[in-house]
Amino acid sequence: MRSSVYFYPTLKETPQEAQIASHRLMVRTGMITQVTSGIYTWLPLGLRVLKKIEQIVREEQDRAGSLEVLMPTIQPAELWERSGRYHDYGKEMLRMKDRHEREMLYGPTAEEVITDIFARFIKSYRDLPKRFYNIQWKFRDEIRPRFGVMRGREFLMKDNYSFDLTMEGAKASYQAMLEAYVRTFARMDLTAIPVRASSGAIGGNLSHEFQILAETGESEIFYDAAYETLDVTTLTLDRLQTLYAAADELHDPKTCPVPQERLKTARGIEVGHVFYFGTKYSVPLGAFVMDSDGKQVPVEMGSYGIGISRLTAAIIEANHDEAGIIWPESVAPFKVGLLNMNVKNEACTKLCDDLYQKLLQAGVEVLYDDRDRGAGAKFADMDLIGLPWQIIIGPRSVDSKQCELKNRRTGEKVELSLEDALKRVSR
RNA sequence: CGGGGUGUAGCGCAGCCUGGUAGCGCGCCUGGUUUGGGUCCAGGAUGUCGGGGGUUCAAAUCCUCUCACCCCGACCA
């Protein structure tokens, strides 16, 4: 993509409403722009990141044996009256009426819709287990939206719902999701620790939140120091249940089993939440199957959320410096920034254009800064946007046939041939 | 919802106390200059001063109502 035709309105100054690093940087890089409180437009650069995160989440959900569906953003109140949540949910639910005066709502979550679908189509234990997920915009009319997309009112969430015949089956689903989550976050270079949590409005009795440790996290968490040396890739539910980690609302110093010297405290950003809630929805919404004895039994359910739009902000919180964002390669909007130091120098521009074409042919996602701007402005913009690699070509490259390759994270710069730079970023 | 704050050019802000021609920096446009860390020079454009009502000869400024946004808290994926 050429900068001259792309759209990423970068700002030198920080808009006053942006208080935390991720919000500041998302606005300054032109990833998002606010429409009204807690509601944002995703501009091209931000949307690329959002889609990459979404795709990683999707791949890991698929790998875990879940089936993607797409449920609507608007739901009828009637469904929620059946589950009993229409009145319980309170003001956080955005309600509206259609032209026939029927009560509708902008879905804050989708237990009712998916459970109803299950109930209508699945009748036998032989069809279990089943897990359905969808990646869709949700709306919760937060009391106080803040921190940009970290706590927006409209947000993109992956929500997965598991249906099992037995509680043991439900625990296996829960375990599968735990594993999927660990893999998902690891692919974004994030370490998210699962902590015990209250199950809130969704209800149930087994629940973990995935927290990314960050200064600006909204919740305080308490955890066993053993977490710090934990190999999350082999984490099982049983092992997890022996470890102590709790968010502030569940932590009680009097009953905490961890000795003081091993108890750690930190702030965390909740990026995922897993629940087991048994038959809370299957009974009222009629999600019963016939078991092998010919009896109708309600299915055991769980639900599993990942805040995709929030993850964008959380990744930035965990990956930035004074100059700007430092994207992990897996979610970077482009892998490489190509900087033409002097667009009026024809030989220099030809070198850049040629390398740009080769990068495209090699399938490398590249943002080519071909604008007629000062060198300093280009460096500053590129550091701000935080693409993992920068290839810098100037008039001096014309004779030397060398360019500079800079690693945004380490700041390391090396002089090398154009061919070697191409090879280096193509792998 | 309680407490606090802010609305003046696209962005960041000054002006308001003490009423009298609406300003600065960045950005934007034109021309030139510069081109390896936000070049420099000259010229230029851009405002329902959040909105309504009031006081006054005169309101960005005073009074009043209202709207929006932000921060702290309670709440929460």
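Here the structure is a predicted model, which is why all the values come from computation and not from measurement. Chain letters run A, B, ... following the sequence lines, proteins first and then strands; every chain starts at 1.
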Within the structure, does a side-chain N or O atom of [X] lie under 4.0 Å from either OP1 or OP2 of [N]?
X: A:Gln34; N: B:C69; answer: no
X: A:Ser37; N: B:C70; answer: yes
X: A:Arg146; N: B:G73; answer: yes
X: A:Arg144; N: B:C72; answer: yes

Watson-Crick or G-U wobble mate for [N], both contacts under 3.5 Å:
N: B:C17; result: none
N: B:U33; result: none
N: B:A22; result: none
N: B:C76; result: none

Heavy atoms under 4.0 Å, any strand shown: does [X] hit a base, just sugar-phosphate, or nothing?
X: A:Lys91; result: nothing
X: A:Gly152; result: base
X: A:Met341; result: base
X: A:Asp381; result: base
X: A:Ser397; result: base
X: A:Arg371; result: nothing
X: A:Lys413; result: base
X: A:Glu142; result: base
X: A:Gly305; result: nothing

Do side-chain atoms of [X] reach the backbone of [Y] as a donor and acceptor pair under 3.5 angstrom?
X: A:Asn407; Y: A:Thr410; answer: yes
X: A:Thr36; Y: A:Ile39; answer: no
X: A:Gln19; Y: A:Gln16; answer: yes

Work out how far the [atom1] atom of [N] is from that of [M], and round it to whole angstrom.
N: B:G47; M: B:G15; atom1: C1'; answer: 15 Å
N: B:G31; M: B:C67; atom1: P; answer: 49 Å
N: B:C16; M: B:C62; atom1: C1'; answer: 10 Å
N: B:C40; M: B:C26; atom1: P; answer: 9 Å
N: B:G2; M: B:A74; atom1: C1'; answer: 9 Å
N: B:U46; M: B:U61; atom1: P; answer: 24 Å
N: B:C65; M: B:A77; atom1: C1'; answer: 38 Å
N: B:C11; M: B:C69; atom1: C1'; answer: 16 Å

Does a side chain donor of either [X] or [Y] reach within less than 3.5 Å of an acceptor in the other side chain?
X: A:Glu317; Y: A:His320; value: no
X: A:Tyr276; Y: A:Ser162; value: no
X: A:Glu154; Y: A:Tyr106; value: yes

Quiz prompt | Full working for side-chain contact (heavy atoms from CB on, under 4.5 Å) between A:Phe334 and A:Val366 | solution = CA-CA 5 Å; A:Phe334 298 92; A:Val366 52; 5.7 Å; no
Quiz prompt | Centroid under 5.5 Å and tilt under 30°, A:Phe379 to B:G36 | solution = no
Please report, rounded to the nearest Å, how far the [atom2] atom of [N] is from the [atom1] atom of [X].
X: A:Gln16; N: B:G25; atom1: CD; atom2: P; answer: 21 Å
X: A:Phe185; N: B:A77; atom1: CZ; atom2: C1'; answer: 11 Å
X: A:Glu111; N: B:A77; atom1: CD; atom2: C1'; answer: 11 Å
X: A:Gln390; N: B:G37; atom1: CD; atom2: P; answer: 13 Å
X: A:Arg28; N: B:C26; atom1: CZ; atom2: P; answer: 17 Å
X: A:Asp369; N: B:U35; atom1: CG; atom2: P; answer: 18 Å

Which listed nucleotide ([options]) is nearest to the side chain of [X]?
X: A:Thr36; options: B:G36, B:C69, B:U6; result: B:C69
X: A:Ile392; options: B:G36, B:U35, B:C69; result: B:G36
X: A:Glu404; options: B:C76, B:C71, B:G36; result: B:G36
X: A:Lys344; options: B:G36, B:G12, B:U34; result: B:U34
X: A:Glu92; options: B:C76, B:C72, B:U35; result: B:C76
X: A:Pro15; options: B:U35, B:G12, B:G38; result: B:G12
X: A:Ile143; options: B:G73, B:G25, B:A77; result: B:G73
X: A:Arg310; options: B:A77, B:C76, B:G37; result: B:A77

Quiz item: Do A:Arg58 and A:Asp62 sit within salt-bridge range, that is, some charged N less than 4.0 Å from a carboxylate O?
Solution: no
Quiz item: Do A:Asp383 and B:G37 have a side chain to base donor-acceptor pair shorter than 3.5 Å?
Solution: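 Answer yes: a donor N or O sits under 3.5 Å from an acceptor.
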Exercise. Would you mind telling me which residue lines up with the more 5' stretch of RNA chain B, A:Gln19 or A:Val271, judged by nearest nucleotide?
Key: A:Gln19
Quiz prompt | Upstream residue (5' side of RNA chain B) when A:His23 and A:Gln402 are each assigned their closest nucleotide | solution =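 Closest to the 5' end, via its nearest nucleotide, is A:Gln402.
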Quiz prompt | Six-ring centre of A:Tyr86, A:Arg95 cation under 6.0 angstrom, axis tolerance 45° | solution = yes
